[in-house]
Amino acid sequence: MKQKNNPRILVLAITLFCLVYMICAPRPLSTELYLVPDWTEDISRVQEGKEGDVLIPFRLSQNIGFFTPDGRVVSSITFPFKAAISECWYATYGAANRATELHRPTGETGATINAEGFPFFDADRIYLFLPGGTSFARYSEDGNQLWKYESYAPITAFSSTEGGTVAGFADGNMVSFTKDGSIDQRFAPGGSAIPVILGAAISGDGKLIACVSGREQQRFVLAQKSGGHSKIMFHEYAEQDLVTQVLVHFNRAADTVYYNYNGGLGIVDIAKLSSSHVPIKGTIVQIEESEVENLVFILSKDENRYTVTALEPFDHPAAQFSFEGESAFIKVHGEALFVGRNNKISRLTVARK
């Protein structure tokens, strides 16, 4: 005889299944990441800017300029020797640069720095690397020197944020500065046969500094301020040395720091003081943090082949694509990823499905 289902047992079974599911699968099913092409524009097709435009800087080969998120290139400047550009400033200069004329993104001419050297801009911060390669100075937007640091060893790494400035030198020393130019950290990471700083970064609040240092037992070092001294929080040795300058980068939250090693990207969780590694061929050129998605975009170069890798926390490659080119850049703004290649800029919208 066919047995009837007991409604109470059925309800209990469904309830038990739901409880087990909520315990074992607390997260919803993951969605796929898509980079949807929106537009591509040639940098030679310059269009008129509008009042209130958001201007994004670009640098491709011997051209710098600014474009808008909707695809208008509002300036494209060819420079014969060198140029510096950020969201707030740009300048072109020659081999024997005795003065630097500052320009706003709109093309408006600002002040002139009446000193020899090569400019460097980071957001609204203005620096001048002085002749000889061992010293640098910070300047105001009026072209006045705010402070200067002089050394006997060549500068081999440099980084700045709102929280301060850090410089690494060929003799293996790291020097960290406050906004007013006072030295708040100075130490030599050591641990290698040849002391040289190949890459350096400072966190947004200026409390942490990190570097890749040395040849023959090259290592990554993370340090923090501790009563006027530097306390090493974390370090690890590389399996193979890199012989060129490398990229070191803190994220906005200063809870993660990235660094380039021979063969990939090192990712250090600052809270846990643990690291992970993502294999990436070639040299890491840029690291861009998404403003709306919890993503980090990595631009790497291996000979003439560029690769863009999207990482989800903590170290999961979510998407990747490659292209051939002589020059390239990436930039994030809102939900968009902008990719420059040779003489063109493309917008990709980051979406999940």
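When the ring-ring contact (aromatic ring centres under 6.0 Å, His included) test is applied to His103, the partners found at least two apart in sequence or on another chain are Tyr90. Under the ring-ring contact (aromatic ring centres under 6.0 Å, His included) criterion, Tyr237 pairs with His235, not counting sequence neighbours. Residues that satisfy the ring-ring contact (aromatic ring centres under 6.0 Å, His included) test with Phe136, not counting sequence neighbours, are Trp147, Phe158, Phe177.
Residues Asp70 and Arg347 are not paired through a salt bridge, judged by the lack of any N-O separation under 4.0 Å between the basic side chain and the carboxylate. With salt bridges taken as basic N to acidic carboxylate O contacts below 4.0 Å, none links Arg125 and Glu141. Glu48 and Lys50 are not joined by a salt bridge, as no carboxylate oxygen comes within less than 4.0 angstrom of a charged side-chain nitrogen.
Cluster annotation: Ile232 and Ile202 are assigned to the same hydrophobic cluster (Ile/Leu/Val/Met/Phe/Trp/Tyr, side-chain heavy-atom contacts under 4.5 Å, transitive). No single ILVMFWY cluster, assembled from side-chain heavy atoms under 4.5 Å apart, contains both Leu247 and Tyr261. Taking hydrophobic clusters as Ile, Leu, Val, Met, Phe, Trp and Tyr residues chained together by side-chain heavy-atom distances below 4.5 Å, Leu35 shares a cluster with Phe323. Residues Val36 and Trp39 are members of separate hydrophobic clusters, defined by side-chain heavy-atom contacts under 4.5 angstrom among Ile, Leu, Val, Met, Phe, Trp and Tyr. A single hydrophobic cluster is not seen to contain both Tyr34 and Ile330; linkage of ILVMFWY side chains at heavy-atom distances under 4.5 Å, directly or through other members, places them apart.
The main-chain N or O of Ala83 is found under 3.5 Å from a side-chain atom of Arg59 such that the two form a donor-acceptor pair. Put simply, the side chain of Ser290 never gets that close to the backbone of Val296: no donor and acceptor are under 3.5 Å apart. Judged purely by atom type and a 3.5 angstrom limit, Asn97 uses its side chain to pair as donor or acceptor with the backbone of Gly117.
For the residue pair Ser203 and Asp205, a side-chain donor N or O sits within less than 3.5 Å of a side-chain acceptor on the partner. Using modelled atom types and a 3.5 Å distance limit, the side chains of Ser274 and Asp269 yield no donor-acceptor pair. For the residue pair Ser151/Thr134, the side-chain donor-acceptor check at 3.5 Å is not satisfied. No side-chain donor from either of Asp122 and Tyr127 sits under 3.5 Å from a side-chain acceptor of the other.
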(Q) Quick one, Val332 with Phe297, criterion side-chain contact (heavy atoms from CB on, under 4.5 Å). Give me CA distance, side-chain angles, the key distance, then yes/no. (A) CA-CA 9 Å; Val332 294; Phe297 293 96; 3.7 Å; yes

Practice task
Applying ring pair (Phe, Tyr, Trp, His ring centres under 6.0 Å), run through Tyr93 and Phe118 and close with a yes or a no.
Solution key: CA-CA 8 Å; Tyr93 56 94; Phe118 306 113; 5.5 Å; yes

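You'll find the ring centres of His249 and Tyr259 outside the 6.0 Å limit.
Atoms CG and OG, on Asn63 and Ser75 in that order, are 10.5 Å from each other to the nearest 0.5 Å. Atom CG of Leu208 sits about 10.5 Å away from atom OG1 of Thr161, to the nearest 0.5 Å. Distance check: Leu60 CG to Ile345 CD1 gives 6.0 Å after rounding to the nearest 0.5 Å. Once rounded to the nearest 0.5 Å, the distance linking CG of Asn114 with CD of Glu101 reads 10.0 Å. In this structure, the separation between CG on Asp184 and OG on Ser182 is 8.0 Å, given to the nearest 0.5 Å. One finds the OG atom of Ser86 at 8.0 Å from the CD1 atom of Ile126 (value rounded to the nearest 0.5 Å).
The closest side-chain heavy-atom distance from Val212 to Arg219 is not below 4.5 Å.
Counting only residues at least two apart or in different chains, salt bridge (charged side-chain N to carboxylate O under 4.0 Å, His left out) contacts with residues 233-244 comprise Arg215-Asp241.
Around NZ of Lys225, the count of heavy atoms belonging to other residues, nucleotides or ligands within 6.0 Å exceeds 12. By the neighbour-count criterion of 12 heavy atoms within 6.0 Å, atom CZ of Arg252 is densely surrounded, having more than that number from other residues, nucleotides or ligands.
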I'd like a table of donor-acceptor pairs (distance under 3.5 Å, sequence neighbours excluded) in which one partner is a side-chain atom from residues 298-307, with atom names and distances.
from   : atom 1 : to     : atom 2 : distance (Å)
Ser300 : OG     : Thr307 : O      : 3.4
Arg305 : NH1    : Glu324 : OE2    : 3.0
Thr307 : OG1    : Ser322 : OG     : 2.8

Sequence neighbours left out, cut at 3.5 Å: what donor-acceptor pairs do the side chains of residues 185-197 make with other protein atoms?
from   : atom 1 : to     : atom 2 : distance (Å)
Gln185 : OE1    : Ser230 : OG     : 2.6
Arg186 : NH1    : Tyr149 : OH     : 3.2
Ser192 : OG     : Gln217 : O      : 2.5

